[in-house]
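All values reported here derive from a predicted model rather than from experimental measurement. What you see below is based on every heavy atom in this structure, not just the backbone, and it leaves out hydrogens, waters and symmetry mates.
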Amino acid sequence: MLTELAAVKVPFEGIKIRLLTSGLSTDDFITLGAGETKEVTVETAALHTLNDGGDFDVFAQGLIPYAEANSTELAGNLPYDSNKLSMAVDGTVAATVAKAITKRTIQGSSCTGTKLTAIRTALSNCAKLASAAATAASAGTKLDTYFKSTSASTKNTVSARLSAVSSDCGGSGSATTTECNDPYQGCSSNVLAYTVPTQNFITYCPIFFAQLPALSSTCHGQDQATTVLHEETHAPGVYSPGTDDLGYGFAAASKLTTSQALNNADSFALYANAINLNC
């Protein structure tokens with residue numbers, strides 16, 4: 001039994017991220033001893049529209065990546081469930097809370113200069129990779145490795161989601177907003193990008209531009225194109241329901257069941273990378 005572990009620092013509930021999985025430092029983790037807790041405050045009204053008010057049940061649920069004590073190598077994910085808090089929300093007060101996003105655009109004004117160039121290239125590469133992977137999925141290529149099944153249902157689900165991603169990345173769709181700023185303050189030191197599913201909003205963090213190549217030449221390597229693809233799968237406006245983060249990187253993702261992999265953003269990113277490089 002673990003008596004101590006290091007949990008990766010992640011933003012608050014309500015946004016979905018892609019973590020850098022290599023080169024992590026101790027500053028990217030919070031060490032928790034047995035019985036120790038970490039308290040996080042979430043401004044619910046900034047993430048969700050509660051203007052009508054009423055009675056709500058509020059709770060948190062998800063997975064936290066972790067490393068063993070004295071290590072910076074991700075070892076897996078810890079599931080968590082909070083207690084349910086019932087509360088009456090005053091809609092008038094909730095309406096006064098500033099929203100992190102007040103305007104929807106297809107490509108935000110915060111992406112300028114070299115960032116705009118990188119985003120445009122990443123979106124184009126995302127469209128190509130997702131399209132090729134969708135075609136491969138229809139044929140059942142490599143699905144056993146990444147989704148543990150070659151059933152007709154698995155083929156159809158993987159292909160349909162990737163086709164939808166290709167359409168949105170390629171400009172045929174307008175389901176998501178792309179930005180390069182950080183209105184939710186989710187760009188911690190190891191976060192490449194994040195999505196706010198309730199807004200179909202995707203933003204790209206500084207290390208997305210500073211540390212990732214446009215395309216990786218390494219099997220299961222991270223790059224800008226597959227990071228865009230990863231985030232696109234989170235957005236329900238692209239393909240509903242949006243995915244979760246159940247396993248980052250091939251080691252964790254390959255341990256998932258079929259149903260889990262079909263709901264795991266990185267499984268789609270890893271699969272698209274594998275098809276592109278014939279891993």
Side-chain angles (χ1 to χ4, degrees), residues 11 13-18 46-49 62 99-112 115-138 155-184 186-187 191-205 208-209 212 214 223-246 261-273 275-276:
E13 183 76 11
I15 70 176
K16 297 181 179 180
I17 64 177
R18 192 181 199 195
L47 286 167
H48 303 281
T49 301
K99 298 295 187 291
I101 299 173
T102 58
K103 182 180 178 182
R104 293 263 331 254
T105 57
I106 302 308
Q107 193 173 89
S109 59
S110 63
C111 296
T112 59
K115 288 185 177 180
L116 179 59
T117 300
I119 287 295
R120 286 175 172 169
T121 299
L123 286 166
S124 176
N125 286 334
C126 165
K128 294 173 184 176
L129 264 62
S131 178
T135 300
S138 294
K155 291 178 183 178
N156 292 339
T157 300
V158 175
S159 182
R161 188 182 293 280
L162 287 168
S163 293
V165 168
S166 179
S167 177
D168 199 60
C169 283
S172 299
S174 57
T176 58
T177 299
T178 297
E179 290 283 0
C180 301
N181 58 358
D182 185 16
Y184 285 92
C187 289
V191 176
L192 297 167
Y194 66 81
T195 300
V196 184
T198 59
Q199 304 286 343
N200 289 302
F201 168 90
I202 303 172
T203 199
Y204 296 94
C205 300
F208 171 90
F209 303 99
L212 293 182
D223 56 35
Q224 292 176 344
T226 56
T227 297
V228 172
L229 192 154
H230 173 116
E231 296 304 325
E232 287 270 337
T233 70
H234 281 321
V238 174
Y239 189 90
S240 184
T243 60
D244 288 325
D245 289 313
L246 305 180
L262 291 173
N263 187 35
N264 184 50
D266 234 25
S267 295
F268 289 89
L270 292 162
Y271 181 68
N273 162 272
I275 294 301
N276 183 52

Margin query: Looking only at the side chains, is there a donor atom on one of D168 and T176 sitting less than 3.5 Å from an acceptor on the other?
Written below: yes
Margin query: Are L162 and Y271 packed together at the side-chain level, in the sense that at least one heavy-atom pair is separated by less than 4.5 angstrom?
Written below: yes
Note to self: For a quick test of reading the model, state the closest non-hydrogen atom pair linking A261 to F268 and the distance between them.
What the structure shows: O-CE1, 3.8 Å
Check: Within the distance-only criterion (no hydrogens, no angle test), does the side chain of T203 pair as donor or acceptor with the backbone N or O of N181 below 3.5 angstrom?
Finding: yes
Note to self: Tell me whether H230 contacts the main-chain N or O of I17 through its side chain, where contact means a donor paired with an acceptor under 3.5 Å.
What the structure shows: yes
Next item on the list: Evaluate the criterion side-chain contact (heavy atoms from CB on, under 4.5 Å) for residue pair N200 and T177; output intermediate values, then yes/no.
Entry: CA-CA 6 Å; N200 289 302; T177 299; over 6 Å; no
Next item on the list: With rounding to the nearest 0.5 Å, note down the distance linking CD1 in I119 to OG1 in T112.
Entry: 11.0 Å
Notebook entry, point to check: Going by heavy atoms in the side chains, are T227 and L212 under 4.5 Å from each other?
Noted result: yes
Checklist line | Close side-chain approach of L229 and C169, heavy atoms under 4.5 Å | finding: no
Check: If only atom types and distance count, is the side chain of H234 paired as donor or acceptor with the main-chain N or O of T243 below 3.5 Å?
Finding: yes
Check: Of all residues at least two apart in sequence or in a different chain, which pass the side-chain hydrogen bond (donor to acceptor under 3.5 Å, both in side chains) check with D244?
Finding: K16, N263
Next item on the list: Work out which heavy atom in Q224 is nearest to a heavy atom in F209; give both atom names and the distance.
Entry: NE2-CA, 3.9 Å
Next item on the list: Rounded to the nearest 0.5 Å, what's the gap from CZ on R120 to SG on C111? Could you check?
Entry: 9.5 Å
Notebook entry, point to check: Which pairs count as salt bridge (Lys or Arg N to Asp or Glu O under 4.0 Å) when at least one residue sits in residues 223-238, sequence neighbours excluded?
Noted result: none
Next item on the list: With sequence neighbours excluded, tell me which residues meet side-chain contact (heavy atoms from CB on, under 4.5 Å) with S166.
Entry: A127, A130, S131
Item checked: Close side-chain approach of E179 to I202, heavy-atom, < 4.5 Å -> no
Note to self: Quick one, L262 and V158 - any side-chain contact, counting heavy atoms below 4.5 Å?
What the structure shows: yes
Note to self: Within the 4.5 Å heavy-atom criterion, are V228 and L123 side-chain neighbours or not?
What the structure shows: yes
Notebook entry, point to check: S138: what forms a side-chain hydrogen bond (donor to acceptor under 3.5 Å, both in side chains) with it, not counting sequence neighbours?
Noted result: S159
Note to self: Taking side-chain contact (heavy atoms from CB on, under 4.5 Å) as the definition, give me every residue that meets it alongside C205, ordered by chain and number, with sequence neighbours left out.
What the structure shows: C187, V191, Y194
Notebook entry, point to check: Should the ring pair F208 and Y204 be called parallel, tilted or perpendicular, given that the plane angle runs from 0 to 90° and is split at 30 and 60?
Noted result: tilted
Margin query: With a 3.5 Å distance limit and no angle check, can you tell me whether N264 reaches the backbone of L246 through a side-chain donor-acceptor pair?
Written below: yes
Item checked: Spacing of L129 atom CG and N276 atom CG [to the nearest 0.5 Å] -> 4.0 Å
Margin query: Is there a side-chain contact between P236 and P197 in this structure, where contact means two heavy atoms from C-beta onward sitting under 4.5 Å apart?
Written below: yes
Notebook entry, point to check: With N156, which residues qualify under side-chain contact (heavy atoms from CB on, under 4.5 Å), at least two apart?
Noted result: none
